[in-house]
Amino acid sequence: MKISLFGASGFIGSNLALKLSEDGKHDVHLCDVEDKKLRLRFENASFKYEKVDISTDKDRVDEIVRTSDLVFDLAAYVHPAMFISNPLDVVKLNFFDCLNVIQSCVRHNTRLIHFSTSEVYGKTGGSSEPFKEDQTDLILGPIQNQRWIYSCAKQLLDRMIYAYGVEHGLNYTLIRPFNFVGPLMDRFAKKWDREDNPRVFANFMSSLVYNRPLQLVDGGMNRRCFTYIDDAVSAMEAIVDHPDEMNRQIVNVGNPANESSIADFAKLMSDLYVRNFDSSAAPVIQSVASNDFYGKGYEDCDRRLPDISKLRSIGWEPKYGLEETVLRSMQYFVQNKTRLVELLGD
């Protein structure tokens, strides 16, 4: 099968690309605006990469889709800091540019696996019920809280994909990831930068390595389910291998057993770092107001707990518990720090 990945050099894309290429079952074509993370993930192995920008290279995108059996659309801006500082860029890429990829899949009858986000579920309103793909209401905050512009753009694209399935027979699977962590998630951040602040794992990892306080936004009371990237990739493989069962389905990918508050997550990372990497470290954990950390317009959801019944129905089950997920992710960052900083900067 010929599989093309747009956004292949991101965190998820680079890990997925490696696994699909190693399997040897597919002809894997990797497309992105640069290949730094692919070079890191593949190390000395070769890979089939083409520099493609989905926002400007529309004719080439259409040709790639036309000649593919399956397209993964992973292209996205995903850092919460960008939702506040560059909301229009977030909408342009995450909705308009990705819509062009999807319309090419419709034109050429090409199977699509599109990455949505668990953020589309929005706020729980205090509910403790797991998010169900086909039943849970999608509840966002007010317009002035620009955190939700990412979720809104992603949700509208989900609805467009669904509509293309109904009206034009598009074969698709919509993926809703729940806090994947692992090798190549974002980068080290030597200095605190509001506009390019990495997500929580990479942020805390950077703080530990550079001896800065781990900052808990509004006390870190919100809860997340952390999923190791190898589990996520194995879920993708299962979806590829079950085209009929997963056709025109929205699918949560996550590990509900790995739920943790952000405050407890910071404590776990601090303890593991001292125990396994630097016994002389004395991590400090402190609370910071969201307006100071992200800027005005930030709001968060209190909990993201996935129902993963659909994946379990095709035999998939997450393997990595929370401590192993965190430790494996930390080991990669510590062991590859020099190379990561060399290619990705800090």
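Just so you know, these numbers use all the heavy atoms, side chains as well, and skip hydrogens, waters and symmetry mates. Computed from a predicted structure; not experimentally measured.
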Are [X] and [Y] side-chain neighbours, meaning at least one heavy-atom pair lies under 4.5 Å?
X: K92; Y: S55; value: yes
X: Y150; Y: N94; value: yes
X: C98; Y: L157; value: yes
X: P80; Y: Y294; value: yes
X: V240; Y: L70; value: yes
X: F204; Y: L216; value: yes
X: M330; Y: L272; value: yes
X: L18; Y: F47; value: no

When rounded to the nearest 0.5 angstrom, what is the spacing between [atom1] in [X] and [atom2] in [Y]?
X: F6; Y: I64; atom1: CZ; atom2: CD1; result: 4.5 Å
X: T227; Y: Y320; atom1: OG1; atom2: OH; result: 13.0 Å
X: M236; Y: D231; atom1: CE; atom2: CG; result: 10.5 Å
X: T117; Y: N179; atom1: OG1; atom2: CG; result: 8.5 Å
X: S234; Y: I239; atom1: OG; atom2: CD1; result: 9.5 Å
X: Q331; Y: N276; atom1: CD; atom2: CG; result: 7.0 Å

Inter- and intrachain pairs under salt bridge (Lys or Arg N to Asp or Glu O under 4.0 Å), touching [range], at least two apart:
range: residues 103-115; result: D62-R107
range: residues 43-52; result: D27-K48, E50-R60
range: residues 63-89; result: E63-R66

Q.
Side chains of R248 and N171 only: does a donor on one sit below 3.5 Å from an acceptor on the other?
A. yes

Do the side chain of [X] and the main chain of [Y] share a donor and acceptor less than 3.5 angstrom apart?
X: D53; Y: V33; value: no
X: S9; Y: K37; value: yes
X: E34; Y: K36; value: yes
X: Y228; Y: G321; value: no
X: S206; Y: A189; value: yes
X: D137; Y: I139; value: no

Crowded around [X] [atom1]? As in, over 12 foreign heavy atoms under 6.0 Å?
X: K2; atom1: NZ; answer: yes
X: D59; atom1: CG; answer: no
X: E323; atom1: CD; answer: no

Give a yes or no on whether [X] and [Y] share a hydrophobic cluster (residues Ile, Leu, Val, Met, Phe, Trp, Tyr; joining criterion: side-chain heavy atoms under 4.5 Å apart).
X: L170; Y: I250; value: yes
X: F265; Y: L305; value: no
X: Y164; Y: V166; value: yes
X: L5; Y: Y172; value: no
X: L208; Y: F293; value: no

Which donor-acceptor pairs under 3.5 Å do the side chains of residues 339-346 make with protein atoms, sequence neighbours left out?
unit_1, atom_1, unit_2, atom_2, d
R339, NH1, E342, OE2, 2.7
D346, OD2, Y210, OH, 2.8

**Q.** Residues that D23 engages under side chain to side chain contact (heavy atoms under 4.5 Å, CB included), provided they are two or more places apart
**A.** K19, K25, E237

Distance-minimising heavy-atom pair for [X] and [Y]:
X: A76; Y: V78; answer: CB-CG1, 3.8 Å
X: N255; Y: P318; answer: ND2-CB, 3.5 Å
X: S290; Y: Y298; answer: CB-CD2, 3.5 Å
X: C105; Y: V71; answer: SG-CB, 4.1 Å
X: N252; Y: F131; answer: ND2-O, 2.9 Å
X: A202; Y: M185; answer: CB-O, 3.6 Å

Q: Determine, step by step, whether L268 and S260 satisfy the side chain to side chain contact (heavy atoms under 4.5 Å, CB included) criterion, reporting the C-alpha distance in whole Å, the side-chain angles of both residues, the deciding distance to 0.1 Å, and the verdict.
A: CA-CA 10 Å; L268 175 61; S260 171; over 6 Å; no

State which residues pass salt bridge (Lys or Arg N to Asp or Glu O under 4.0 Å) with [X]; sequence neighbours excluded, sorted by chain then number.
X: K337; value: none
X: R199; value: D186
X: R176; value: D158
X: E22; value: none

Q) Aromatic ring centroids of F180 and F11 under 6.0 Å? A) no

Q.
Applying salt bridge (Lys or Arg N to Asp or Glu O under 4.0 Å) to R223 and D302, what does each step give before you reach the verdict?
A. CA-CA 6 Å; R223 305 184 68 82; D302 56 354; over 6 Å; no

Q: Give me the ring orientation class for F333 and F188: parallel if the planes are under 30° apart, tilted from 30 to 60°, perpendicular past 60°.
A: perpendicular

Q) Passes salt bridge (Lys or Arg N to Asp or Glu O under 4.0 Å), E259 versus R303? Steps please. A) CA-CA 9 Å; E259 187 181 28; R303 194 180 193 197; 2.5 Å; yes

Q.
Which residues pass the side-chain hydrogen bond (donor to acceptor under 3.5 Å, both in side chains) test with S287, not counting sequence neighbours?
A. none

**Q.** Residues clustering with W148 (ILVMFWY side chains joined when closer than 4.5 Å, directly or via others)
**A.** L140

Q. Under the criterion side-chain hydrogen bond (donor to acceptor under 3.5 Å, both in side chains), which of R304, K154, Q155 is the partner of E119?
A. R304

Q. Excluding sequence neighbours, so at least two apart, what forms ring-ring contact (aromatic ring centres under 6.0 Å, His included) with Y332?
A. none

Q: List the steps, then state whether side chain to side chain contact (heavy atoms under 4.5 Å, CB included) holds for L138 with R159.
A: CA-CA 12 Å; L138 312 180; R159 295 185 185 277; 3.8 Å; yes

